[in-house]
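Scope of the values below: all heavy atoms of this structure, side chains included, with no hydrogens, waters or symmetry mates.
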Amino acid sequence: YGRVRGGHERIRALEDPSARFHLLEWSRFQDAWNGWRFAEAGAQLGYILARPLSHAERHFYTEMRRVAGALDAWDTFR
């Protein structure tokens with residue numbers, strides 16, 4: 001019951017779930033968005049888009065990046 005015989009131990013590296021769900025990048029995106037730093041918000045979405053994503057995730061983050069870019073252009077009078 002939960003004991004390992006000597007010589008039969010195995011170490012398995014598990015995926016960090018926070019990396020899969022982009023928690024750090026999403027948190028930084030939210031901070032930038034709420035601080036009206038839209039260029040930085042778009043950059044954080046770019047980091048997420050550089051990872052393997054499902055079709056729906058890619059569509060969502062791409063469109064959010066477009067919105068952030070448009071708001072940055074509006075905010076900087078470009």
Is the Phe29 ring parallel, tilted or perpendicular to the Trp33 ring (thresholds 30°, 60°)?
tilted
Please report the interatomic distance [atom1]([X]) to [atom2]([Y]), rounded to the nearest 0.5 Å.
X: Leu71; Y: Arg66; atom1: CG; atom2: CZ; value: 12.0 Å
X: Gln44; Y: Tyr61; atom1: CD; atom2: OH; value: 12.0 Å
X: Asp72; Y: Glu40; atom1: CG; atom2: CD; value: 11.0 Å

Under a single-linkage definition using a 4.5 Å side-chain heavy-atom cutoff for Ile, Leu, Val, Met, Phe, Trp and Tyr, are Tyr47 and Phe38 assigned to the same hydrophobic cluster?
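Shared cluster, no.
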Would Trp36 and Met64 show up in the same hydrophobic cluster when neighbours are defined by side-chain heavy atoms closer than 4.5 Å?
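Same hydrophobic cluster.
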Please check: side-chain N/O of Glu63 versus main-chain N/O of Phe60, any donor-acceptor pairing under 3.5 Å?
no
Within the side chain of Thr62, is there an N or O that forms a donor-acceptor pair under 3.5 Å with the backbone of Arg58?
yes
What pair of heavy atoms forms the shortest contact from Ala41 to Ala32, and how long is it?
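Residues Ala41 and Ala32, closest heavy atoms: N-CB, 3.6 Å.
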I'd like to check Leu49 versus His22 (side-chain heavy atoms, cut-off strictly below 4.5 Å). Are they in contact?
no
